[in-house]
Novice: 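What follows is a single structure, and I will ask about it in a moment.
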Amino acid sequence: MKIPFQVTDWKKIPAIQHKGDTGSAYWQTLELPGLRIRLVEYSKNYTADHWCEKGHVIYCLHGEMDTELADGKIVRLTKGMSYQVSDGLSSHRTSSAKGVRLFIVDGDFLK
C-alpha cells in the first residue's frame, strides 16, 4: 500500500455516534485502502458494547480509559500513553469513567 502525501483537516470530518452498553463513542474516520485512521471520543461513563479482537495502535490525546483484557487484567491509558496490539492477540473491552479522546490506527498491517 502506498499513500501519497495528504493533509487531513479533522474539523471537516463528521463525528458518527456509536452507542455503547453505557455512554457513546464518537468516531471521525479516514478510510484508506487497508488502513483506518480515527479520532475517537468516548463520553463519560462509556462502556463498549462488545469485546474486540482487532488490532489497534491507540494514542491517548486527553482523558483516561480502562481496557479490560479477557484474563481480567485492567490497563489504564492516560494522556500521552499508547498501546499496540495485533489482530487476534488480545480480546479487549474499553470503558471510560471520565471521558477520553484517542487517535487510533488499524488496518491490514496488524494482521
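What's counted below: heavy atoms across the whole structure, side chains too, no hydrogens, waters or symmetry copies.
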Novice: Should V105 and L77 be counted in the same cluster of Ile, Leu, Val, Met, Phe, Trp and Tyr side chains packed under 4.5 Å apart?
Specialist: no
Novice: When rounded to the nearest 0.5 angstrom, what is the spacing between CG in D87 and SG in C52?
Specialist: 8.5 Å
Novice: Indicate the atoms forming the closest heavy-atom contact of L35 with I3, along with that distance.
Specialist: CD2-CD1, 3.5 Å
Novice: Tell me whether L32 shares a hydrophobic cluster with I58, the cluster being built from Ile, Leu, Val, Met, Phe, Trp, Tyr side chains joined at under 4.5 Å.
Specialist: no
Novice: Go through the steps for R36 and D106 under the test salt bridge (Lys or Arg N to Asp or Glu O under 4.0 Å), then give the verdict.
Specialist: CA-CA 5 Å; R36 179 173 68 171; D106 44 44; 2.9 Å; yes
Novice: Heavy atoms only: give me the nearest E41-R101 pair and the separation to one decimal.
Specialist: OE1-NH1, 3.2 Å
Novice: Do S24 and S43 have side-chain N/O donor and acceptor atoms under 3.5 Å apart?
Specialist: no
Novice: If you group Ile, Leu, Val, Met, Phe, Trp and Tyr by side-chain heavy-atom gaps below 4.5 Å, do I74 and L89 land in one group?
Specialist: no
Novice: Identify whether L39 and Y59 are in the same connected component of the hydrophobic contact network (ILVMFWY, side-chain heavy atoms under 4.5 Å).
Specialist: yes
Novice: What's the verdict on side-chain contact (heavy atoms from CB on, under 4.5 Å) for T8 and I37, showing C-alpha distance, side-chain angles and the deciding distance?
Specialist: CA-CA 10 Å; T8 304; I37 303 168; over 6 Å; no
Novice: Give, for atom NZ of K54 and atom OG of S86, the distance between the pair rounded to the nearest 0.5 Å.
Specialist: 11.0 Å
Novice: Please examine the side chains of V100 and Y46, heavy atoms only from C-beta on, and report whether any two atoms are closer than 4.5 Å.
Specialist: no
Novice: Looking at D71 and K73, what are the two nearest heavy atoms and their distance?
Specialist: OD1-N, 2.9 Å
Novice: Can you measure from OG1 (T47) to CD (E68) and round to the nearest 0.5 angstrom?
Specialist: 9.5 Å
Novice: How long is the span from the CG atom in L69 to the CZ atom in R93, to the nearest 0.5 Å?
Specialist: 13.0 Å
Novice: Any sub-3.5 Å donor-acceptor pair from S96's side-chain atoms to E64's backbone N or O?
Specialist: yes
Novice: Just verifying a value: how many Å separate H92 NE2 and E53 CD, rounded to the nearest 0.5 Å?
Specialist: 8.5 Å
Novice: For residues E31 and T29, is any side-chain donor paired with an opposing acceptor at under 3.5 Å?
Specialist: no
Novice: Got a second to check how far H56's NE2 is from L110's CG, nearest 0.5 Å?
Specialist: 8.5 Å
Novice: Could you tell me which non-hydrogen atom of P14 sits nearest to which non-hydrogen atom of K12, and how far apart they are?
Specialist: CD-O, 3.6 Å
Novice: Side-chain heavy atoms nearer than 4.5 Å, only ILVMFWY residues, links allowed to pass through others: does that put V40 and W51 together?
Specialist: no
Novice: Report the C-alpha distance between V75 and Y83 in whole Å, list the side-chain angles of each, state the deciding distance to 0.1 Å, and finish with yes or no for side-chain contact (heavy atoms from CB on, under 4.5 Å).
Specialist: CA-CA 10 Å; V75 178; Y83 79 71; 6.0 Å; no
